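Remarks on the structure that follows.
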2 protein chains.
Amino acid sequence: MPMTPSPSAHRDIPAATVSRLPTYLRALHSAAARGITTVSSGQLASAAGVLPTQLRKDLSHLGSHGVRGVGYNVARLITEIARALGLGRAWPVAIVGMGNLGRALAAYSGFGTEGFHVVAVLDRDPALVGEQVAGLTVRPIEDLPALVAELGIAIGVLATPSDGAQTAADALVAAGVEAILTFAPAALALPPHVSLRRVDLATELHVLAFLRASLSDLPDVGVAG
Amino acid sequence: MPMTPSPSAHRDIPAATVSRLPTYLRALHSAAARGITTVSSGQLASAAGVLPTQLRKDLSHLGSHGVRGVGYNVARLITEIARALGLGRAWPVAIVGMGNLGRALAAYSGFGTEGFHVVAVLDRDPALVGEQVAGLTVRPIEDLPALVAELGIAIGVLATPSDGAQTAADALVAAGVEAILTFAPAALALPPHVSLRRVDLATELHVLAFLRASLSDLPDVGVAG
DNA sequence: CAGACTTTGTGCAACGCTTCACAAACCCCT
DNA sequence: AGGGGTTTGTGAAGCGTTGCACAAAGTCTG
């Protein structure tokens, strides 16, 4: 079995590790921009807000190797992480739902790096169709199959209200999109081969309220000034 | 203060459970709105997208008790979860950074439920100060201490670019805010008593790219129609 | 009132992730 | 060339979370 002997650490990267790799990548880009060519696990870890041990264990899953006594080559590590994450190709993104959040996401600069590009914005509301948002014309949902085929859209972002989320998700899946990022606080039913990622702003606030409230319960902390 | 002896399961609720409670709460509100007064763990779990066992274990940390053979009383469970999360009081929120994202968050309806209210919006840029956003006047960062004292602000939301995030966070902490939700993709250094929660949109896209890419690597899935 | 049925609550095992401790490997200086 | 210092890579322990299996507890029917 060939199986590409050395650089085949593709799979079996723990999910927790994957979710930290983008942070490492950002810190590495920042270091490279400052002309730094080598970093130790301690430096990189503190830039990323994790422990050095965790960074090293994370990196060990990549098959990437640092140099003992020296550290990691910044440029090489950037390449390794980018490859592990599947970057290095273009990732055309479509955003469905052009309310406040959808507009902000369309204009958000964080969505325009590392190969991610918003190439289509859509809305169900005919009143919004045809408007210009972040340099793009708002299209109706019915255009999705054509847009996906034409632009190679690989990721769909749902910024619709909760009630429209399932319908919009179904439309994305029907059009061939297999990765969805949703901001709608609703449980979506999707085929198993579609990857889903949820960002729930209300939940984050609730968790913070819980943390803050249990803080106040504590006997002697944070009361006196 | 009486201290309410029996229902004091406040602390030692697992973090994973806390992060699911808001979802349950939302499903319960939806059920209540439809006139449903009793739900089984199976029904509620499927509405929330988790397994019934997990729902029951989560709920067991609340001290709340359902009725065997019947299920949970919707109204009572709403009260129990809300109390566990520290809801039932007002949570004034301040948003720092009035770029695209900050504006969208200020107008986002999901931030206006369950006692959460955006009561102040701020920006470092003098050109933005004085503008109206979502019915509020943009204030300069220097006003934070006065606003926190006056409005009882308990939660700060950071929607600034990465470079300004640490400064803005310091200003929030100095003003007395002890819970921060940040959208800036930067590692923040904060005093240990301040609760921090990060939402990183770029990371979510990267993770999706990884999931999508490993999907394509798979031998025989999703290729043929 | 008894027995069948339903649904909750929970001890326990399995799993994954994090952290520690330490050996292996490399550089640099003399 | 050798020794000291530094940093990586990883086995193993510790911890929290998930999922299972089953007993306990309640309702409903005859």
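Worth saying up front: this structure is predicted, and the values here are computed from it rather than measured. Just so it is clear, the values below take in all heavy atoms, side chains as well, and ignore hydrogens, waters and symmetry mates. All chains are named by letter (A, B, ...) in the order of the sequence lines, taking the proteins before the strands, and each is independently numbered beginning at 1.
A donor-acceptor pair under 3.5 Å is formed between the side chain of A:W91 and the backbone N or O of A:G86.
One atom, CG of A:L55, and another, C1' of C:dT19, lie 14 Å apart when rounded to the nearest Å. As a whole-Å value, the separation of A:Q54 CD from C:dC20 P is 11 Å. Taking atom CG of B:L59 as the reference point, atom P of C:dT7 lies 16 Å away to the nearest angstrom.
A close approach under 4.0 Å does not occur between any side-chain nitrogen or oxygen of B:H65 and OP1 or OP2 of C:dT8.
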Can you give the donor-acceptor pairs under 3.5 Å from side chains of residues 159-167 of chain B to other protein atoms, not counting sequence neighbours?
residue	atom	partner	partner atom	Å
B:Q166	OE1	B:A189	N	2.9
B:Q166	NE2	B:D170	OD1	2.9
B:Q166	NE2	B:A189	O	3.0

Enumerate, atom names and distances included, each donor-acceptor pair closer than 3.5 Å involving a side-chain atom of residues 66-77 of chain A, sequence neighbours excluded.
residue	atom	partner	partner atom	Å
A:N73	OD1	A:A75	N	3.1
A:N73	OD1	A:R76	N	2.8
A:R76	NH2	A:H65	O	3.2

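Atom CG of B:L85 sits about 11.5 Å away from atom CG of A:L205, to the nearest 0.5 Å. Here CG of B:L59 is found 9.0 Å from CD of B:E80. Values are rounded to the nearest 0.5 Å.
By the side chain to side chain contact (heavy atoms under 4.5 Å, CB included) test, B:A106 pairs with B:I95, B:V121, B:V133, B:A134, sequence neighbours left out. With sequence neighbours left out, B:E114 forms a salt bridge (charged side-chain N to carboxylate O under 4.0 Å, His left out) with no residue at all. Under the salt bridge (charged side-chain N to carboxylate O under 4.0 Å, His left out) criterion, A:R198 pairs with A:D200, not counting sequence neighbours. Taking B:A82 as the reference, B:L87 meet the side chain to side chain contact (heavy atoms under 4.5 Å, CB included) condition, with sequence neighbours excluded. Under the side chain to side chain donor-acceptor pair (under 3.5 Å) criterion, B:T17 pairs with B:D58, sequence neighbours left out. Residues satisfying the salt bridge (charged side-chain N to carboxylate O under 4.0 Å, His left out) test with B:R124, not counting sequence neighbours, are none.
Counting heavy atoms from C-beta outward, A:F210 and B:L21 have side chains that stay 4.5 Å or more apart. Residues A:V199 and A:T182 form no side-chain contact, since every pair of their non-hydrogen atoms from C-beta on lies 4.5 Å or further apart.
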Could you write nucleotides 22-30 of chain C as a row of B, S and -, 5' to 3', where a protein heavy atom under 4.0 Å of any base atom gives B, of only sugar-phosphate atoms gives S, and otherwise -? --BBBS---

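Residues A:Y72 and B:D58 each lie close to DNA chain D; by heavy-atom proximity, the contact nearer the 5' end of the strand is made by A:Y72.
For DNA chain D, the contact window with chain A, defined by any atom under 4.0 Å from a protein heavy atom, covers D:dT6 to D:dA12 in 5' to 3' order.
Only A:S40, A:S41, listed by number, bring a heavy atom of residues 21-43 of chain A to less than 4.0 angstrom from any atom of DNA chain D.
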What pairs of nitrogen or oxygen atoms, one from the protein and one from nucleotides 12-16 of chain C, lie under 3.5 Å apart?
residue	atom	partner	partner atom	Å
C:dC12	N4	B:K57	NZ	3.4

